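All of these numbers come straight from a predicted model, not from anything done at the bench. All residue numbers in this chain count up from 1 along the given sequence.
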Amino acid sequence: MSSSWSCEIESAVPAPRLFKAAMMDWHNLAPKLASDKIVSAAAVEGDGSAGSVRQFNFASGMPFSHVKERLDFIDIEKFEVKSSLIEGGGIGTHVESASSHTIFVPKDGGCVVKVVGTYKPLPGANAEEDADRVKGSIIGIIKTAEGYLLANPDAYN
């Protein structure tokens, strides 16, 4: 049985800039901005379009050593991305599958980031705890990228 979670994150940064930094280029920004959590990241397959795969390697002490995500759908003009977890991050230990759908909706010069995560927990796994951890990570990514963009107004224009 699949479960889902959702969250909305308000940002003062316009949707195009935040989408580029937090979604399209996060594998480059994350090790610079969140080196205490993400020690390295890279595109491992593809050119950043749908079907591409990125890997994020986490610092020791984090719940997982790494995750690989596949970008299933990207609409750059609508600031929308769908991705699936394909390795690490609890696949095979806590969840059978996990995916997310993220949309950056322009609002009053900034935007609202709407995220829906869907996952299929393995029997006996604490799915709510895992979902809360993932939701917190997503919020952290958006807020970290937002902070960087507010401090660097010429970045990702």
Side-chain angles (χ1 to χ4, degrees), residues 2-59 62-64 66-86 88-90 95 97-119 127-157:
S2 290
S3 297
S4 65
W5 57 266
S6 64
C7 66
E8 292 191 5
I9 309 146
E10 296 214 10
S11 174
V13 175
R17 291 183 66 216
L18 191 56
F19 176 77
K20 287 178 198 170
M23 289 289 111
M24 303 309 298
D25 200 39
W26 187 242
H27 61 286
N28 289 315
L29 274 180
K32 297 172 189 166
L33 302 180
S35 60
D36 59 322
K37 295 177 182 77
I38 301 170
V39 294
S40 65
V44 293
E45 287 179 33
D47 59 2
S49 61
S52 296
V53 175
R54 305 186 292 190
Q55 179 169 325
F56 296 85
N57 299 305
F58 300 113
M62 297 300 289
F64 308 109
H66 76 284
V67 295
K68 277 188 183 177
E69 70 173 3
R70 181 183 57 239
L71 301 173
D72 298 318
F73 172 84
I74 301 169
D75 188 328
I76 293 172
E77 289 158 14
K78 292 183 180 175
F79 319 117
E80 181 177 5
V81 144
K82 293 180 184 178
S83 62
S84 296
L85 189 63
I86 59 171
V95 295
S97 62
S99 61
S100 63
H101 181 194
T102 307
I103 303 173
F104 293 68
V105 180
K107 179 182 176 187
D108 302 328
C111 66
V112 176
V113 182
K114 298 181 179 187
V115 186
V116 175
T118 305
Y119 59 97
E128 283 186 39
E129 183 178 300
D130 290 341
D132 287 344
R133 185 178 6 211
V134 171
K135 192 186 304 186
S137 295
I138 297 290
I139 293 168
I141 289 167
I142 299 303
K143 289 301 181 181
T144 299
E146 175 188 48
Y148 172 77
L149 294 172
L150 290 172
N152 297 278
D154 293 330
Y156 295 94
N157 280 317

Roughly how far, to the nearest 0.5 Å, is the OH atom of Y119 from the OG atom of S97? 11.0 Å

Is there a side-chain contact (heavy atoms from CB on, under 4.5 Å) between T102 and K114 once you walk through the steps? CA-CA 6 Å; T102 307; K114 298 181 179 187; over 6 Å; no

Between V67 and F58, is the side-chain contact (heavy atoms from CB on, under 4.5 Å) condition met? List the steps. CA-CA 8 Å; V67 295; F58 300 113; 3.7 Å; yes

With rounding to the nearest 0.5 Å, note down the distance linking CD1 in I138 to CD1 in I9. 7.5 Å

Does the separation of the ring centres of F104 and F19 fall below 6.0 angstrom? yes

Answer yes if the side chains of T118 and S99 hold a donor-acceptor pair under 3.5 Å, and no otherwise. no

Does the side-chain contact (heavy atoms from CB on, under 4.5 Å) test come out yes or no for V115 and W5, once each step is laid out? CA-CA 8 Å; V115 186; W5 57 266; 3.6 Å; yes

Any salt bridge (charged side-chain N to carboxylate O under 4.0 Å, His left out) pairs touching residues 12-26, not counting sequence neighbours? none

Counting only N and O atoms by type, is there a donor-acceptor contact under 3.5 Å from the side chain of D47 to the main-chain atoms of S49? yes

Name every donor-acceptor pair, under 3.5 Å, that has one atom in a side chain of residues 69-82 and the other anywhere in the protein, sequence neighbours excluded.
unit_1, atom_1, unit_2, atom_2, d
E69, OE2, R54, NE, 2.9
E69, OE2, R54, NH2, 2.5
R70, NE, D72, OD1, 2.6
R70, NH2, D72, OD1, 3.4
D72, OD2, S84, N, 3.2
D72, OD2, S84, OG, 2.4
D75, OD1, E77, N, 3.1
D75, OD1, K78, N, 3.0
E80, OE2, H101, NE2, 2.5

Heavy-atom closest contact (P106 atom, A15 atom, distance): CG-CB, 4.0 Å

Between A22 and W26, which heavy-atom pair has the shortest distance, and what is it? O-CB, 3.2 Å

Straight-line distance of N57 CG to M62 CE, nearest 0.5 Å: 12.0 Å

Show me the donor-acceptor pairs, under 3.5 Å and distance only, between side chains in residues 140-151 and residues at least two apart or in other chains.
unit_1, atom_1, unit_2, atom_2, d
K143, NZ, E10, O, 2.8
K143, NZ, E146, OE1, 3.1
T144, OG1, G140, O, 2.7
E146, OE2, S11, OG, 2.9
E146, OE2, A12, N, 3.0

Nearest 0.5 Å, please: how far is NE2 in H27 from OG in S52? 9.0 Å

May I ask you to check whether over 12 heavy atoms, not counting those of K37, lie within 6.0 Å of atom NZ? no

Steps toward side-chain contact (heavy atoms from CB on, under 4.5 Å) verdict (V53, I86): CA-CA 9 Å; V53 175; I86 59 171; 3.8 Å; yes

